[in-house]
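Written below as structure tokens is the structure these notes are about.
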Amino acid sequence: MPRRRGHLSFWCLLALVPVLMAMGIGESEGPVRIPEPQTNYKVLLTDQEGNRVELTHFSIEGQSFVLGKIGKGEAAVPLDQVKDVEFSNQGDMLKAKLILAKGGPVELKVKPSLVATGKTTFGNYRIPLKEVTRIQVLGRSQ
């Protein structure tokens with residue numbers, strides 16, 4: 001009988017593992033950890049509701065560049081060269097109009113599922129690019 005009780009306890013615990021794991025995982029926890037980019041960029045990000053958030057350690061998917069398509073090719077524009085980015089939805093893609101620090105504007109088609117992350121004075125922050133209307137690159141931060 002003691003052996004059966006041990007097996008029963010084991011199987012009950014095994015059945016509860018997915019439920020217990022689900023309690024600790026999810027979007028409701030917020031961005032506890034964010035990628036640490038190689039360069040610390042400071043930006044002013046505006047979301048679709050008009051909220052403005054100043055971020056340091058800014059990156060898109062952990063990278064310090066804006067990645068998108070120009071025609072059939074791809075371009076990765078380093079944040080050092082970017083002054084401002086304006087986003088607009090275009091079906092299943094996102095149009096990103098980059099104003100460069102030197103030179104004219106560049107238009108990219110960006111995946112809306114890419115996630116921008118950074119640090120605020122009140123904690124870590126993340127947002128899908130499809131929810132962003134503008135990113136102003138304020139420069140490197142120490």
Side-chain angles (χ1 to χ4, degrees), residues 3-142:
R3 190 170 185 171
R4 273 189 148 181
R5 191 174 295 159
H7 285 308
L8 182 61
S9 297
F10 171 76
W11 288 110
C12 287
L13 182 60
L14 190 61
L16 287 174
V17 166
V19 173
L20 294 173
M21 288 179 67
M23 290 173 63
I25 299 173
E27 293 296 317
S28 63
E29 284 186 25
V32 176
R33 286 179 280 161
I34 62 170
E36 284 287 333
Q38 290 181 346
T39 306
N40 181 3
Y41 286 97
K42 185 176 183 179
V43 303
L44 182 61
L45 184 143
T46 307
D47 70 14
Q48 289 192 0
E49 295 180 352
N51 299 303
R52 296 171 69 168
V53 181
E54 191 171 289
L55 302 170
T56 58
H57 299 90
F58 175 78
S59 69
I60 300 172
E61 295 290 332
Q63 303 298 320
S64 297
F65 53 80
V66 181
L67 177 67
K69 290 187 172 250
I70 299 178
K72 298 291 182 183
E74 287 187 334
V77 183
L79 290 176
D80 274 342
Q81 296 182 24
V82 178
K83 183 177 177 183
D84 194 67
V85 184
E86 290 184 13
F87 295 97
S88 59
N89 289 313
Q90 288 199 334
D92 61 342
M93 290 300 277
L94 196 60
K95 181 174 130 184
K97 182 178 179 182
L98 285 69
I99 305 300
L100 303 178
K102 295 179 182 174
V106 174
E107 289 190 7
L108 301 175
K109 289 187 179 177
V110 178
K111 292 180 184 176
S113 60
L114 295 177
V115 176
T117 57
K119 295 183 179 185
T120 68
T121 56
F122 50 86
N124 293 340
Y125 182 85
R126 75 174 167 214
I127 186 168
L129 286 184
K130 68 181 176 187
E131 301 296 333
V132 177
T133 57
R134 186 174 185 197
I135 297 171
Q136 295 169 268
V137 180
L138 305 175
R140 292 182 185 210
S141 185
Q142 303 302 12

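Model, not experiment: these values are computed from the prediction.
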If you look only at distance, which donor and acceptor atoms sit under 3.5 Å apart when one is on a side chain in residues 100-121 and the other is two or more places apart or in another chain?
{"residue": "T117", "atom": "OG1", "partner": "S59", "partner atom": "OG", "Å": "3.2"}
{"residue": "K119", "atom": "NZ", "partner": "E36", "partner atom": "OE2", "Å": "3.0"}
{"residue": "T120", "atom": "OG1", "partner": "F122", "partner atom": "N", "Å": "3.0"}
{"residue": "T120", "atom": "OG1", "partner": "G123", "partner atom": "N", "Å": "2.9"}
{"residue": "T120", "atom": "OG1", "partner": "G123", "partner atom": "O", "Å": "2.6"}

Which atoms form the tightest heavy-atom contact between [X] and [Y], and what is the distance?
| X | Y | result |
| --- | --- | --- |
| L129 | L94 | O-CD2, 3.4 Å |
| I34 | Y125 | CG2-O, 4.1 Å |
| L44 | R52 | CD2-NH2, 2.7 Å |
| V43 | L138 | C-CD1, 4.0 Å |

Discussion item. Quick one, L45 with I127, criterion side-chain contact (heavy atoms from CB on, under 4.5 Å). Give me CA distance, side-chain angles, the key distance, then yes/no.
Written reply: CA-CA 10 Å; L45 184 143; I127 186 168; 4.0 Å; yes

Practice prompt. Tell me, please, which residues at least two apart from Q136 pass side-chain hydrogen bond (donor to acceptor under 3.5 Å, both in side chains).
Written response: none

Ignoring hydrogens and angles, write down the donor-acceptor pairs under 3.5 Å from the side chains of residues 78-87, residues two or more places apart or on other chains.
{"residue": "D80", "atom": "OD1", "partner": "Y41", "partner atom": "OH", "Å": "2.6"}
{"residue": "D80", "atom": "OD1", "partner": "R140", "partner atom": "NE", "Å": "3.1"}
{"residue": "D80", "atom": "OD1", "partner": "R140", "partner atom": "NH2", "Å": "3.3"}
{"residue": "D80", "atom": "OD2", "partner": "Y41", "partner atom": "OH", "Å": "3.3"}
{"residue": "D80", "atom": "OD2", "partner": "R140", "partner atom": "NH2", "Å": "2.6"}
{"residue": "D84", "atom": "OD1", "partner": "R134", "partner atom": "NE", "Å": "2.8"}
{"residue": "D84", "atom": "OD1", "partner": "R134", "partner atom": "NH2", "Å": "3.1"}
{"residue": "D84", "atom": "OD2", "partner": "R134", "partner atom": "NE", "Å": "3.3"}

Measure the [atom1]-[atom2] distance between [X] and [Y] for me, rounded to the nearest 0.5 Å.
| X | Y | atom1 | atom2 | answer |
| --- | --- | --- | --- | --- |
| T133 | Q48 | OG1 | CD | 7.0 Å |
| R126 | E61 | CZ | CD | 11.0 Å |
| D47 | K130 | CG | NZ | 13.5 Å |

Worksheet item: Is there a side-chain contact between T46 and V132 (heavy atoms, below 4.5 Å)?
Response: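 T46 vs V132: side chains apart.
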
Fill in: Backbone N/O of H57 and side chain of N40: donor-acceptor pair under 3.5 Å
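Judged by distance alone, yes, a pair lies under 3.5 Å.
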
